[in-house]
Colleague: 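The following block contains the structure, expressed as structure tokens.
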Amino acid sequence: QVQLVESGGGLVQAGGSLRLSCAATGSIFSIRAMGWYHQAPGKQRELVATISSDGNTNYADSVKGRFTVSRDNAQNTVYLQMNSLKPEDTAVYYCNADLQDRKYMPPLVYWGQGTQVTVSS
């Protein structure tokens with residue numbers, strides 16, 4: 001029932017900016033955290049940024065100072081503002097959510113389908 005839908009990816013030149021959005025829809029009781037991971041060709045998926053429902057954030061060292069993760073709890077949406085993009089940021093970006101779909105149920109992890117971000121030099 002839960003679905004994560006990403007948007008905002010695209011092609012941008014180095015130094016440019018993109019803003020990714022991810023909305024969690026369906027049966028949702030509460031969201032503990034949402035975040036972003038990326039995966040480049042030939043590499044494993046890795047954490048980019050996360051944000052908990054109380055506002056705590058965590059960033060990969062490679063994006064600190066350039067990316068900002070934020071949330072809109074009322075809309076169950078997480079954003080990733082990406083500034084000063086570099087070619088090495090090129091990857092598929094996946095939304096992630098740790099949430100409960102029903103009251104008193106254990107939290108589960110959900111993944112979006114991914115959105116492509118390509119940064120040209």
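Just so we're clear, the structure is a prediction, and the values are computed from it rather than from any experiment.
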Colleague: Counting only N and O atoms by type, is there a donor-acceptor contact under 3.5 Å from the side chain of E6 to the main-chain atoms of G114?
Modeller: yes

Colleague: Where do S121 and A14 come nearest, in terms of heavy atoms and distance?
Modeller: CA-CB, 4.4 Å

Colleague: Would you say the side chain of H38 lies within less than 4.5 Å of the side chain of K43, judging by non-hydrogen atoms?
Modeller: no

Colleague: Does L20 reach the side chain of T115, with side-chain heavy atoms less than 4.5 Å apart?
Modeller: yes

Colleague: A side-chain contact here means heavy atoms from C-beta on lying under 4.5 Å apart; do I51 and V78 qualify?
Modeller: yes

Colleague: How far does OG1 of T77 sit from CZ of R71, to the nearest 0.5 angstrom?
Modeller: 12.0 Å

Colleague: Rounded to the nearest 0.5 Å, how far apart are CD of Q1 and CZ of R102?
Modeller: 8.0 Å

Colleague: How long is the gap from OG on S52 to CD1 on I31, to the nearest 0.5 Å?
Modeller: 12.0 Å

Colleague: Spell out, yes or no, whether V119 and V92 are grouped together once hydrophobic residues are joined by side-chain heavy atoms under 4.5 Å, including indirect joins.
Modeller: no

Colleague: Is there a side-chain contact between S120 and V12, using heavy atoms and a 4.5 Å cut-off?
Modeller: no

Colleague: Verify the neighbour count for atom CD of E46: are there more than 12 heavy atoms of other residues, nucleotides or ligands below 6.0 Å?
Modeller: yes

Colleague: Mind jotting down which residue pairs meet the ring pair (Phe, Tyr, Trp, His ring centres under 6.0 Å) criterion with at least one end in residues 49-82? Sequence neighbours excluded, please.
Modeller: none

Colleague: Please indicate whether E88 has more than 12 foreign heavy atoms, meaning atoms of other residues, nucleotides or ligands, lying under 6.0 Å from its CD.
Modeller: yes

Colleague: Does Y37 belong to the same Ile/Leu/Val/Met/Phe/Trp/Tyr cluster as Y93, with side-chain heavy atoms less than 4.5 Å apart forming each link?
Modeller: no

Colleague: With rounding to the nearest 0.5 Å, note down the distance linking OG in S53 to CE in M34.
Modeller: 9.0 Å

Colleague: Which heavy-atom pair separates D101 from S27 by the least distance, and what is that distance?
Modeller: O-OG, 2.9 Å

Colleague: Do the non-hydrogen side-chain atoms of N96 and T50 ever get within less than 4.5 Å of each other?
Modeller: no

Colleague: Can you tell if the side chain of Y94 reaches within under 4.5 Å of the side chain of R45, non-hydrogen atoms only?
Modeller: yes

Colleague: Side chains of T25 and V2, heavy atoms from C-beta outward: is any pair under 4.5 Å?
Modeller: no

Colleague: With sequence neighbours excluded, tell me which residues meet side-chain contact (heavy atoms from CB on, under 4.5 Å) with Q100.
Modeller: F29, S30, P107

Colleague: Any chance the side chains of N83 and S17 put a donor and an acceptor closer than 3.5 Å?
Modeller: yes

Colleague: Under the side-chain contact (heavy atoms from CB on, under 4.5 Å) rule, what do V117 and L18 come out as? Steps first, then yes or no, please.
Modeller: CA-CA 9 Å; V117 171; L18 286 173; 3.8 Å; yes

Colleague: Hydrophobic clusters join Ile, Leu, Val, Met, Phe, Trp and Tyr when side-chain heavy atoms are under 4.5 Å apart, directly or via other members; which others share one with V5?
Modeller: none

Colleague: Report the distance from atom SG of C22 to atom OH of Y110, rounding to the nearest 0.5 Å.
Modeller: 13.5 Å

Colleague: Checking the side chain of R19 only, and the main-chain atoms of Q81 only, is there a donor and an acceptor separated by less than 3.5 Å?
Modeller: no

Colleague: Under 4.0 Å between a side-chain nitrogen and a carboxylate oxygen: does that hold for D61 and K64?
Modeller: yes

Colleague: Determine whether N58 and L47 make a side-chain contact, defined as any pair of heavy atoms from C-beta on separated by less than 4.5 Å.
Modeller: yes

Colleague: Checking C95 against W36 for the side-chain contact (heavy atoms from CB on, under 4.5 Å) test, could you report, in this order, the C-alpha distance in whole Å, the side-chain angles of both residues, the deciding distance, and whether it holds?
Modeller: CA-CA 5 Å; C95 181; W36 295 92; 4.1 Å; yes

Colleague: Just how far is it from atom CG of D89 to atom OG1 of T118, taken to the nearest 0.5 Å?
Modeller: 11.0 Å

